[in-house]
2 protein chains.
Amino acid sequence: MATIYEVSKLAGVSLATVSRVINNNTPVREATRVKVLEAMDKLGYHPNSIAQSLASSRSNSIGIVVSELNGPFFGTLLSDIETAFRRAGKHVIIAAGHSDERLEKESIAFLKSRNCDALILHVEAVSDDYLRQLNESGTPFVILNRFVESLSDRCVTLNNQHGGYLATQHLLRNGHRKIGYISGPMWKNDAEQRYLGHLRALAEYGIESKSSLFYEGDFHELGGVKGVAALLHADADITAIVCANDEMAAGAVTTAREQGLRLPDDLSIVGFDNVNFSHYMYPKLTTIDYPIGGMGVMAARWVLKHIYHQKLDNIQTVFEPRVIERDSVHSI
Amino acid sequence: MATIYEVSKLAGVSLATVSRVINNNTPVREATRVKVLEAMDKLGYHPNSIAQSLASSRSNSIGIVVSELNGPFFGTLLSDIETAFRRAGKHVIIAAGHSDERLEKESIAFLKSRNCDALILHVEAVSDDYLRQLNESGTPFVILNRFVESLSDRCVTLNNQHGGYLATQHLLRNGHRKIGYISGPMWKNDAEQRYLGHLRALAEYGIESKSSLFYEGDFHELGGVKGVAALLHADADITAIVCANDEMAAGAVTTAREQGLRLPDDLSIVGFDNVNFSHYMYPKLTTIDYPIGGMGVMAARWVLKHIYHQKLDNIQTVFEPRVIERDSVHSI
DNA sequence: GCTATACATGAAAGCGCTTACATAATATTA
DNA sequence: TAATATTATGTAAGCGCTTTCATGTATAGC
């Protein structure tokens, strides 16, 4: 691999000049620039990014922590973030936190040790205090899908409560009154918010919430499976269920059908997230759209703007969900 | 951030000694080691990985190229690869090739410029010759899901042909004789192989293939949608269809149902890949298991063994598919 | 007790860049 | 044309480590 030194020799200029044409940050006479570019070309020279990083204390890498690497939700997120950074010549280093406090901290430590210029965090298990502390520690970061007091300018969030509200409102508008709710783990902020939205919609229609209509699931298929079983067992004349995410909705659909119910005629279901498989389901799932890709891109823009000083504006921090009407809700 | 120099001063030893205890590659007297460790601890020292890389010409990073970052297939792959490397203190840099020759080459160039110690490539559009040439260029790599002559020791592949064979054989054994085939793009090696397997199974049962029973799709939902329409139009008494991947199967299922067919009674369908949403489908999809996660891990092990000289054995390069029986095949 | 051997540590060069700062070349003005 | 302002280029000091080679110290052998 050719080095900058060889280029400088071949072009008959100094190291510094070559560096200047590489970085294009200091004026260089056109004739000189051409000489250098030709030399680089002839030698097939590519700057060594490690050496660049060491000298400039910029790694041009951004660390991402997500809960899981697989799963439709994070796939979309990562894909859009990667595209945004790649375009800017940056690269991402990805780590999985698995919604576990120890693993999330470990992931963050790992990324910091890799000298990331910034982090984008989708973490669920670490405390707000930990994040505030992290903020003091030097490495800048953006938080996805979570609002932390005093770090609000670096939080890119979905209005989860409104999403929960919309899901239930949609059912209400379609005439349902006995509505079950399968929640995510209530210690997760988004799960709590979505449920709160559900309650608000109920309240607006003057319906009181009953504990027999609530089931706390796990955001995974199994939660939907168990949730439907429990809900139907407790109250057989439920006409609709809102599931706090699409994975649970998938489990719910399967189980409800196995129990002999026709969907959506006997039971309407609405999901949350609008992950890519939700329209492979039968019936196609009515759900709440979570613009996760757009939110990832916005996090990337925040980094590009604040860390790499690109002149970007329109940094949006709160995103709004909306109903995606498909076939899993029956009007009564 | 504390540097190695400060640690050495606090511990009262030289830089070199600190480096030795960090890397644990040269004997250091126990008492000295303890002193150094204590100093590191007191300063909250973490080695600067960039400087380590520059000095040792090892970046401890592995580049991965996959076709897409989203999608169930690659999610599983990436997740398992990341876990394997993370455990070894390495990190992965991920780029998407989008099955496009230019983008694939660009991704590879990008990763090489990032000084990756090795690459794991799931590329479809670049030629075998390009890969052979790349092999000369210095950066070692492993190829996933593709067999390249003369690079065979670095190819981790699925026996795609056998998979195609199994899919069709399964249908044949269940009494089907009129079997449609929705293929992936035939220029992709795996698509071709799967189809060859299909033909072999047919031949074993003395059935001749008819062009009206073949449709070349795109490996995406749309291919399944159009494929079913075309196949059913050309030959209404087809009783079963094999789809060369699960995404197309999802499209096929939806479309068949929209055309009024009952599944699996009127039409049996088998997929390929066994991606995670295949059992959210209705009916739950019978498919061919593609052990993609295991293959990713094996690629990681190859790198760990050959590049980082871990003593590992059992590097398996050819994986075997198997039938996952679920509910989308009807016996006649 | 003295030399030979193994083992532990230190000194210093260098990995390939960036970037103050100094200097040289050129343009501007009086 | 000389003095001054501008712009282009060079010099050299790091960035924080690893690693070779040299040196020093403890142990063994005689």
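To find a chain, count down the sequence lines: A is the first, B the second, and so on, and within it residues start at 1.
The shortest distance between side-chain heavy atoms of B:N70 and A:L78 does not fall below 4.5 Å. With a 4.5 Å cut-off on side-chain heavy atoms, B:F319 and B:V156 count as touching. Between B:E106 and B:F110 the shortest side-chain heavy-atom distance does not fall below 4.5 Å.
Within 4.0 Å of B:S57, counting heavy atoms only, lies no atom of the nucleic acid at all. Here B:V18 lies out of heavy-atom contact (under 4.0 Å) with every strand. At a threshold of 4.0 angstrom between heavy atoms, the contacts of A:T32 are confined to the sugar-phosphate backbone, with no base atom among them.
Between B:A16 and A:Q52, the residue anchored closer to the 5' end of DNA chain C is B:A16, taking for each the nucleotide with the nearest heavy atom.
Under 4.0 angstrom from either OP1 or OP2 of D:dG10 there lies at least one side-chain N or O belonging to A:T17. For the OP1/OP2 pair of D:dT9 and a distance below 4.0 Å, the side-chain nitrogens and oxygens of A:R29 include at least one atom meeting the criterion. The shortest distance between the side-chain N/O atoms of B:S14 and the OP1/OP2 oxygens of C:dT9 is not below 4.0 Å. Checking the phosphate oxygens (OP1, OP2) of D:dC17, a side-chain nitrogen or oxygen of B:Y45 falls inside 4.0 Å. For the pair B:N23 and D:dT18, the criterion of a side-chain N or O lying under 4.0 Å from OP1 or OP2 is met.
Taking atom CG of B:N24 as the reference point, atom P of D:dT18 lies 12 Å away to the nearest angstrom. Here the C1' atom of nucleotide D:dT19 and the CZ atom of B:R20 are 8 Å apart, to the nearest Å. If you take CZ of B:R58 and C1' of D:dT19, they are 14 Å apart, rounded to a whole angstrom. D:dC17 atom P lies 6 Å from atom CD1 of B:I22, rounded to whole Å. The CD-P distance, from A:E30 to D:dT9, rounds to 10 Å in whole Å. Between A:M40 atom CE and C:dC17 atom P the separation is 11 Å, expressed in whole Å. Rounded to a whole Å, the CG atom of A:L54 is 9 Å from the P atom of D:dC17. As rounded to whole Å, 8 Å separates atom P of C:dT18 from atom CG of A:N25.
Judged by distance alone, the side chains of A:R86 and B:S107 do bring a donor and an acceptor atom under 3.5 Å apart.
A cation-pi arrangement is absent between B:K188 and B:F219, since the terminal nitrogen or guanidinium carbon is not both under 6.0 Å from the aromatic centre and inside a 45° cone about the axis.
Counting only heavy atoms from C-beta on, A:N48 has its side chain closest to C:dG16 among D:dT18, C:dG16, C:dA11.
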